[in-house]
There are 2 protein chains.
Amino acid sequence: MVETKAEKAKAPSRRTSITDVARVLQVSASTVSRALSDQQDISKATKARVRQVAHAMNYQPNLVAAGLRRGQSKTLGVILPHLSGAFYPTVLHGIEKMASQHGYQVLVCQSHDEVRCEQRRVAALLAAQVEGILIPVSATTLAEVNHLAQVQQAGTGLVFFDRAPADLPGSAAVLLDTYNGAYEAVTHLIKGGSRRIAHFAGPQQVSTSRNCQEGYLAALRDHQLPRGKN
Amino acid sequence: MVETKAEKAKAPSRRTSITDVARVLQVSASTVSRALSDQQDISKATKARVRQVAHAMNYQPNLVAAGLRRGQSKTLGVILPHLSGAFYPTVLHGIEKMASQHGYQVLVCQSHDEVRCEQRRVAALLAAQVEGILIPVSATTLAEVNHLAQVQQAGTGLVFFDRAPADLPGSAAVLLDTYNGAYEAVTHLIKGGSRRIAHFAGPQQVSTSRNCQEGYLAALRDHQLPRGKN
DNA sequence: TTGTACGCGTTATCAC
DNA sequence: GTGATAACGCGTACAA
């Protein structure tokens, strides 16, 4: 691994703002704003002038300021347990794809499967004014769902995927149907002649794991097979 | 896959701001700000009162507003060609880890290895006021480095990793030492008795690929082996 | 069609 | 030790 060090960043020299453009054009800032956001009552002539000069001055809109004014950040937050393996990166890929198609950005962070860390990340995301948070609850999140409830009451969207907490009413969730998955798998084995089928259960406070076990048990029951000792 | 739809988000009801806390406490907003940001000239008594009430009101600081005021976003941008495979997610993992350790957030987006897309992402990141951008240039980025040069002249940090453009002076880069890697690999083969060694070259406008080829050629030369036809 | 004034939430500065 | 004021960059009623 080789590293090429860059020269010191040059003077910050504030980015050109909407007022800078306005000053050059001898018009008000609102006029520039209108010209740039299109579809307003504004003459074709000035709109063209403004756009041209703005481009010439290499004007880049400040979405942060605009967001503050509008009360929206066009940003989503995703909290992942980690980024190892293929699963979460794949999901993240999909999230980012859809988000950017709708003009949204995605803030990514990791919980390392620890509630404490997850809580800090949630707070940080809320502080960053994200409009929604997507999260598979961490494995250590038991009844500690206060930080998640706060997300809801802050008016911020909340969507669980992969894993959802047992009890948190009124939240959206995208999950694998592990109940039917397990049911069908076990049924398949039974039809194949198997009689002693084991199930390695996951943490029961996570709905996905619990459903999986229930599907397993239901299949045994429906085929009159005894439930073995754990 | 099963989807649980949530109830409609309740009334936005503006998040409690610093002025809300100030109003309740009958103090000025600046006092609240100082109490919360610590280490200022402020009495222990009021500091305690403020913190308590702020907590009771479930006050969450608005980092966007603070960033606007301070002129910093505490946010980094990462543009990845994609999120498939193991490499980029692993790198992203490391980036996010270090970033969050230093109080930074990470905005992730994909270029799909297309310059056009990469340009749009760069613009979006700049608009989001990120303080730095980490990026392996897309494979189709030839001499089109204007958008990258703009990042520099905007005063925004720019770090290449994995791949760097052939010519863009004054930028930082973290790369694999493919020159020596190839040199040593080829030397190893030669010492093992090999005489006809092929090299599948990558795109030559990407330094990593070019260096790899040069290392390969150097090894052949240093051992008096002829360079074969492609 | 365009300009003025204000507010979004926060913090730095200067008074008191 | 604390309060008032201004400013960050932008959008938008309202006035002209």
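Note that these values count all heavy atoms, side chains included, but never hydrogens, waters or copies made by symmetry. Chain identifiers are assigned alphabetically (A, B, ...) following the order of the sequence lines, protein sequences preceding nucleic acid strands; residue numbering begins at 1 within each chain.
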Practice prompt. Kindly write out the residues that satisfy ring-ring contact (aromatic ring centres under 6.0 Å, His included) with B:Phe160, not counting sequence neighbours, or none if the list is empty.
Written response: none
Worksheet entry | Nucleotide-resolved protein contact map, nucleotides 1-8 of chain D, B/S/- at heavy-atom distance under 4.0 Å | SBBB-BBB
Distance-only check: which donor-acceptor pairs under 3.5 Å involve side-chain atoms of residues 119-127 of chain A, not counting sequence neighbours?
unit_1	atom_1	unit_2	atom_2	d
A:Gln119	NE2	A:Glu144	OE1	3.4
A:Arg121	NE	A:Gln110	O	3.1
A:Arg121	NH2	B:Ser100	OG	3.4

Fill in: Residue list, side-chain hydrogen bond (donor to acceptor under 3.5 Å, both in side chains) with A:Gln60, at least two apart or on another chain
none
Worksheet item: Please, which pairs that meet salt bridge (charged side-chain N to carboxylate O under 4.0 Å, His left out) have at least one residue in residues 19-34 of chain A, sequence neighbours excluded?
Response: A:Arg14-A:Asp20, A:Asp20-A:Arg23
Worksheet item: C:dG3 P sits how many Å from A:Ile18 CD1, rounded?
Response: 13 Å
Which atom pairs, one a donor and one an acceptor, fall under 3.5 Å between side chains of residues 64-80 of chain B and the rest of the protein, sequence neighbours left out?
unit_1	atom_1	unit_2	atom_2	d
B:Ser73	OG	B:Thr75	N	3.4
B:Ser73	OG	B:Gln129	O	2.6
B:Thr75	OG1	B:Ser73	O	2.9

Item to complete: Round to the nearest Å and state the distance from B:Asn62 atom CG to C:dC8 atom P.
Response: 12 Å
Worksheet item: What is the distance from CZ of B:Arg15 to P of C:dG7, rounded to the nearest Å?
Response: 22 Å
Response to the item:
Separation of C:dT2 atom P from A:Leu36 atom CG, nearest Å, is 14 Å
Result block: side-chain N/O donor-acceptor pairs under 3.5 angstrom for residues 84-91 of chain A, not counting sequence neighbours:
unit_1	atom_1	unit_2	atom_2	d
A:Tyr88	OH	A:Asp162	OD2	2.7
A:Thr90	OG1	A:Ala86	O	2.6

Worksheet item: Can you find a side-chain donor-acceptor pair between B:Arg15 and A:Thr156 that sits under 3.5 Å?
Response: yes
Fill in: Rounded to 10 degrees, the angle between the two terminal axes of the helix from C:dT1-D:dA16 to C:dC16-D:dG1, each from five pairs
50°
Worksheet item: Rounded to whole angstroms, how far apart are CG on B:Leu126 and C1' on D:dG9?
Response: 15 Å
Worksheet item: What residues form a salt bridge (Lys or Arg N to Asp or Glu O under 4.0 Å) with A:Arg163, not counting sequence neighbours?
Response: A:Asp113
Discussion item. Output the rounded distance in Å from CG (B:Leu63) to C1' (C:dT10).
Written reply: 10 Å
